[in-house]
**Q** 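Just dropping this structure here.
As the structure lists them, so they are numbered: ligands from 1, and atoms in each ligand from 1.
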Amino acid sequence: MKTIIEPFRIKMVEPIKLTSREQREQLIEEASFNPFLLRAEDVIIDLLTDSGTSAMSADAWGAMMRGDESYAGARSWYRFRDTVIDIFGFEQVIPTHQGRAAEHILFSVMVQSDSVVPNNTHFDTTRANIEYFGGRAVDLPCVESDDLESDYPFKGNMNIVALEKLIADEGAEHIPLVMVTVTNNSGGGQPVSMANIKEISRISRSAGIPFYIDACRFAENAQFIRRNEPGYEETGAAEIAKEMFAYADGCTMSAKKDSFANIGGFLCTNDAELAHKERNILIMTEGFPTYGGLAGRDLEAIAVGLREVLDEHYLDYRLLSTRYVVRHLHEAGIPVLMPAGGHAVYLDARRFLSHIEPLQYPGQALAVELYLEAGIRSVEIGTVMFGIDAHTGEERPARLDLLRLAIPRRVYTQSHMDYVLEGINLVWERRADVRGLRIVEAPKFLRHFTAKFEHV
Ligand SMILES: Cc1ncc(COP(=O)(O)O)c(C=O)c1O
């Protein structure tokens, strides 16, 4: 069968409120042209993020009912911990309320003011947490990722030559850890190959530097390896994931992505001494080490979701449905990052709105237009998000100006995606009339969440 079907049935629904263009004009102006400041109920299709927005299964909801809410040593904690150890293979598991809390604890024990932390591309919270502790977050994307249109299958790879040079230039003693993000969210949701992970691991370990994986979308990455990396065709996603993590010394995880949970995260390591320090901080900031900021029922839901996400029919559906949207955009001549990533579609806003210069935020302008046109909410990943140099405080264009349409897991159907395609096509047809934006108010860190804009 050629038709991609959602491999699940829907037994509970949430109504979508339909708004008119006139209503949306007023609503986006009231939100200062920042989709983060809209009320969710005023959005028709919400592609702001795939984080914490998944639909949980009947099994996960059922597991929540057996959540053990004991303060210490709850049954749910052991179920969660054993699942994480089984899938990820690390010895020490530290539960947190979401991914950035795991990052904050990790960097608080590892990063100092003279630290440099490389990644294929840091996610915004990863970068912000490193910079918060005075370190320098360095992106080392592979050269293939510069060509947004090529169909190179592992554009999430790290540039190995650049990593070796960074270690030689900075000295291993200034690099407390090397990270790689799977899939590479800020770099277009592109996967990292097993060969690349192996190389990063070899280089890091030979320099005596711990290697961590930002594991948010580990299952999607594993399925990309299965489908596109020679030698893995017959290997299941769970086994591939195990191999990926076997090359690493630890990981940070947001369970709000590849485990279908609405909240949760964890930090893993094989270093018992480090874990001891991390747990002391955990107790101060998140909670006791057997719940870490989560309810017992959340731990249960994550334990179920982590197994469900490795189902090959789900993963094939996930990758194919994202590819469906990307293929239709590409065929219509709309600039879209190729090939399709796992969790999101990335429009190349700099080329889509080529008359708008980066410092007038083409990605943000496109997000506003998509909302106006069809009530679709998306997020800029470009100069608004990454345009401030943390050390000089100066603004300069980001490497790319993308608009990310992140697809919540198991939430929308193919007809929702057809509606999204129609909305994007309509904006594409009238793109010459779209105006750029300027910032009227913004905080110093993570400004994209709360910045206010007006049209230039
Ligand atoms: C790659 C990556 N790392 C870290 C995070 C942070 O996770 P959380 O939102 O759970 O704090 C995210 C969230 O979107 C992410 O995509």
**Q** Students should be able to answer this: which protein heavy-atom is nearest to atom 4 (C) of ligand 1, and at what distance?
**A** Glu103 OE2, 3.1 Å

**Q** Please report whether the ring centroid of Phe88 lies less than 6.0 Å from that of Phe245.
**A** yes

**Q** For ligand 1, which is the ligand I care about here, please tell me if Thr181 has any N or O atom under 3.5 Å from one of the ligand's N or O atoms.
**A** no

**Q** Would you say Arg100 has any N or O atom under 3.5 Å from an N or O of ligand 1, going by distance alone?
**A** yes

**Q** Between the side chains of Asp68 and Ser70, does any donor sit under 3.5 Å from an acceptor?
**A** yes

**Q** Considering non-hydrogen atoms of the protein only, which is the closest contact for atom 5 (C) of ligand 1, and what is the distance?
**A** Phe123 CD2, 3.5 Å

**Q** Where the closest heavy atom to atom 10 (O) of ligand 1 is concerned, which of Cys216, Ser254, Ala406, Ala102 has it?
**A** Ser254

**Q** Under the ring-ring contact (aromatic ring centres under 6.0 Å, His included) criterion, do His313 and Tyr317 qualify, and how do the steps go?
**A** CA-CA 6 Å; His313 297 298; Tyr317 141 78; over 10 Å; no

**Q** Pull out every atom of ligand 1 sitting under 4.0 Å from any heavy atom of Gly99, numbered as shown with elements.
**A** 7 (O), 8 (P), 10 (O), 11 (O)

**Q** Of all the atoms in ligand 1, which lie at a distance below 4.0 Å from a heavy atom belonging to Lys256?
**A** 10 (O)

**Q** Quick test: of every protein heavy atom, which one is nearest to atom 6 (C) of ligand 1, and how far off is it to 0.1 Å?
**A** Thr125 OG1, 3.5 Å

**Q** Is the centre of the Tyr71 ring less than 6.0 Å from the centre of the Phe288 ring?
**A** yes

**Q** When the aromatic ring centroids of Phe90 and Phe266 are compared, is their separation below 6.0 Å?
**A** no

**Q** Below 3.5 Å, N or O to N or O, backbone or side chain included: is there any such pair between Lys257 and ligand 1?
**A** yes

**Q** Who's the nearest protein heavy-atom neighbour of atom 8 (P) of ligand 1, and how far?
**A** Gln98 NE2, 3.3 Å

**Q** Looking only at side-chain N and O atoms, does Glu380 offer a donor or acceptor that is under 3.5 Å from a partner on His448?
**A** no

**Q** Tyr132 and His104: aromatic ring centres closer than 6.0 Å?
**A** yes

**Q** Out of Asn184, Val309, Asn185, which residue meets the side-chain contact (heavy atoms from CB on, under 4.5 Å) rule with Arg217?
**A** Asn185

**Q** Look only at interatomic distance and state if Thr183 has a nitrogen or oxygen under 3.5 Å from any nitrogen or oxygen of ligand 1.
**A** no

**Q** Could you tell me which atoms of ligand 1, counted from 1 in the order shown, lie closer than 4.0 angstrom to a heavy atom of Asp214?
**A** 1 (C), 2 (C), 3 (N), 4 (C)

**Q** Mark up the atoms of ligand 1 that fall under 4.0 Å of a heavy atom belonging to Arg217, in ascending order.
**A** 1 (C), 15 (C), 16 (O)

**Q** Between Phe133 and Phe107, is the ring-ring contact (aromatic ring centres under 6.0 Å, His included) condition met? List the steps.
**A** CA-CA 7 Å; Phe133 292 107; Phe107 300 142; 7.5 Å; no

